[in-house]
Structure formats: C-alpha cells, structure tokens
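Counting starts at 1 for both ligands and their atoms, following the listed order. Small disclaimer: the values here were computed from a predicted structure and weren't measured.
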Amino acid sequence: MTKPGFSIVFFKDSGYRIILNIMGLMSKDIITTVDLPKEDVEEIMKQSEAMLLFLRDGRVPRLLKGKILATMFFEPSTRTRLSFTSAMLRLGGSVLGFSGTEGTSIKKGESLEDTVRMVDSYSDIIVMRHPDMGSSALAARIAKNPVISGGDGHNHHPTQGLMDLFTIMKEKGLRGVNVALCGDLKYGRTTHSLIYLLAMYGLGINLVSPASLRMPAEIVKEIKRSNGCEIREFRSMSEVVSDVDVLYVTRIQKERFLNISEYGKLEGSYRVDRKLLGKAKKGLIVMHPLPRVSEISTEVDGTPFAKYFDHAAYGVPVRMALLSLLLGKV
Ligand code: NCD
C-alpha cells in the first residue's frame, strides 16, 4: 500500500507525519509501464547507467546493506528472479523467498492476500510473479513496502520493459530508432510493457505477428490515442527486416493457450535465421526477453546481430537501479 507522491516520515518531536514525497521513485510500486511518468523512466535509465559502471569497475557501493528483498515467484523464472537476487546481493542486501508454491502454506489454501501480508512484514521490498492478471496490483494494495511486478499473467512485465529500453538505449540510442515487436504479441507480457516505453520515446513501432497473436487492440488504441504515434502491423518478419533497427523477438507463450492444438498450429510459424538476416538493415540487432525455444536459430548466436544475451545481462544493473531508487538509497 505505498503512496506514490507521499512518504511517511518520522519526526522525533511529533511522531509520524505524511509529507510530500519529493524523492521521485522512493516507496513507489512498479506494476505496469502504462502510468510510469517519463521523469521516473529517465531516473531509472540514469541510475542503471551508474550501476553498470559500478559493476564494470568491480566497485559496487553496499547501498542496501541491512535491507531484505522478498521474491515471490508463483510461476517459473530464471532471469527475473536470479537477476533481482544478484542485484540485491551486489548492493549488500539479503534475499528470501520462494520459487513455486511447493513447501509454502499456499498449498494449504492460504490466500494471496494473506501471503503478501506476511511476506511484507518479513522484508523491505517484494518482487512477485503470478499467473493472474491484476495480482501485482492487488499485492501492491496490501503491502506497506514497495511491490515490483515480475509479471502478472499475460498482462505486464514492467522491469523487463525497462531493461529492454535500456538495452536499446545502450546499443542503438533512443533517437530515430525503428523497432519491430515480433511473435506472440497477444500473450507476450514483455511486449505489452515495452510498447508504452517505445511510444514514450517516440521510437518507430512495428508489430509483426500471426493474425491470432496480434497485440491486444485496446493497447494499440490507447497508445495511438495518448501518443498520436503511428503503429504499423505486419504478418511476417521478412516484410520489416530491411527497414528496422531492432528485431525484438518473443516466444509463443504456450502456457497461456486454453486450447493446446491452437498452439500446435502456431509453433514454428516464425523464425529468425541467417537467411532472414541476409536482408537485414545495416546495424540491425536481435533482442529477445528469453527463454527462446525455436524462434531464433542458434546459428544467429555468433553473429553481430545477436544481442539477446547482453540484453539479459543488463537485467542486473537495471534491477539494481530499481531496488536502490524504490528503497530511497541512491
Ligand atoms: C519473459 C516472461 O516471463 O514473460 N521472460 C522473462 O522474464 N525474461 C518471456 C517469456 O517467458 O517468454
């Protein structure tokens, strides 16, 4: 239940008082990118850059010594959970949590609300991934400490969107860059978070997907309405590869399909390989939130196009930035 814009501050003389929070991101929740102000995004980019330099120098300040991050992962995760863990440990903090509900009281039927209430009292900040849309917002309403969404169903994955933006900024800059979001744009929560950030910076937005996996119409409409930007839609990557600077490829989200035979029809329907990249615009980079299954051929890995592993590595400085900003230790 953090209150963006306000902080509760203890004054020795007169107890607790609520004051206007002039400290930017401190105590905020990060649930989507939809309502994230540009000044907050700029702050996160700046702080991520600083964290990257600390990491490269091997001299990371122990800004979060004594703080505890709780990771509540109700869905599988490799990068999000481990990069948040790494970020917290690098900054001198500690981590507790669970990955999968086995061994927790959720197995006994405890509600999400009660679980969040408890975990909140054991930690200073929570990162949560859950299969239900809206679960991160619910957790944020309950917890007193900041809640960061690590993905809520097929809705949003805001910290992935932020590290996607950071990767584009580092690799291509943020001026006049043309981006294609490719693959499962219906269930791919990372694209739902990233598209708002692309629009915020006025980057070119191209959507490439099979007809049944198009970006939800309400997102496209909302972005066109609020940013007045042009969004172009395509069915195949070969239509855009010679035109764009970034191919952002996603996995078909098999676990979100209600009808698995539908998944079977789409599996393997798009693939980045050397043949496709033979037509690429000079300097094009291929990004992917990972894990990839078959949508990027391993033959691309050794080429200058492949940025997906660097992309994943940027998760640590970006998450260090988020943890330090939300905990007010910068
Ligand atoms: C993504 C996710 O969980 O939405 N993974 C990640 O966090 N890097 C993408 C995916 O699972 O396909």
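- Between S135 and H130, the closest heavy-atom pair is OG-CB, 3.2 Å.
- Taking the six-membered ring where tryptophan is involved, the planes of Y196 and H156 are tilted, since the angle between them lies from 30° to 60°.
- Atoms of ligand 1 found under 4.0 Å from any heavy atom of T80 (numbered from 1 in listed order, with element): 6 (C), 7 (O).
- A search for side chain to side chain contact (heavy atoms under 4.5 Å, CB included) contacts involving R271 returns S294, S297, not counting sequence neighbours.
- Nearest protein neighbour of atom 6 (C) of ligand 1, counting heavy atoms only, is L290 O, 3.5 Å.
- The closest approach between any non-hydrogen atom of P291 and ligand 1 is below 4.0 Å.
- Side-chain contact of N145 with D120: a donor-acceptor pair under 3.5 Å is present, judged by distance alone.
- In this structure, K170 places its NZ atom where more than 12 heavy-atom neighbours from other residues, nucleotides or ligands lie under 6.0 Å away.
- L326 is listed as a side-chain neighbour of K28, based on a closest heavy-atom distance under 4.5 Å.
- Near T190, with a cut-off below 4.0 Å to any heavy atom, the atoms of ligand 1 are 1 (C), 4 (O).
- Looking at atom 8 (N) of ligand 1, its nearest protein heavy atom turns out to be P289 O, 2.9 Å.
- In terms of protein heavy atoms, atom 11 (O) of ligand 1 is closest to R251 NH2, 2.9 Å.
- T298 meets the side chain to side chain contact (heavy atoms under 4.5 Å, CB included) test with R292, D301; sequence neighbours excluded.
- Atom 3 (O) of ligand 1 has R189 NH2, 2.9 Å as its closest protein atom, hydrogens excluded (heavy atom only).
- Residue contacts with ligand 1 include Q253, since one or more of its heavy atoms lies under 4.0 Å from the ligand.
- Of all atoms in ligand 1, numbered sequentially from 1 with element shown, those under 4.0 Å from a heavy atom of Q160 are 6 (C), 7 (O), 8 (N).
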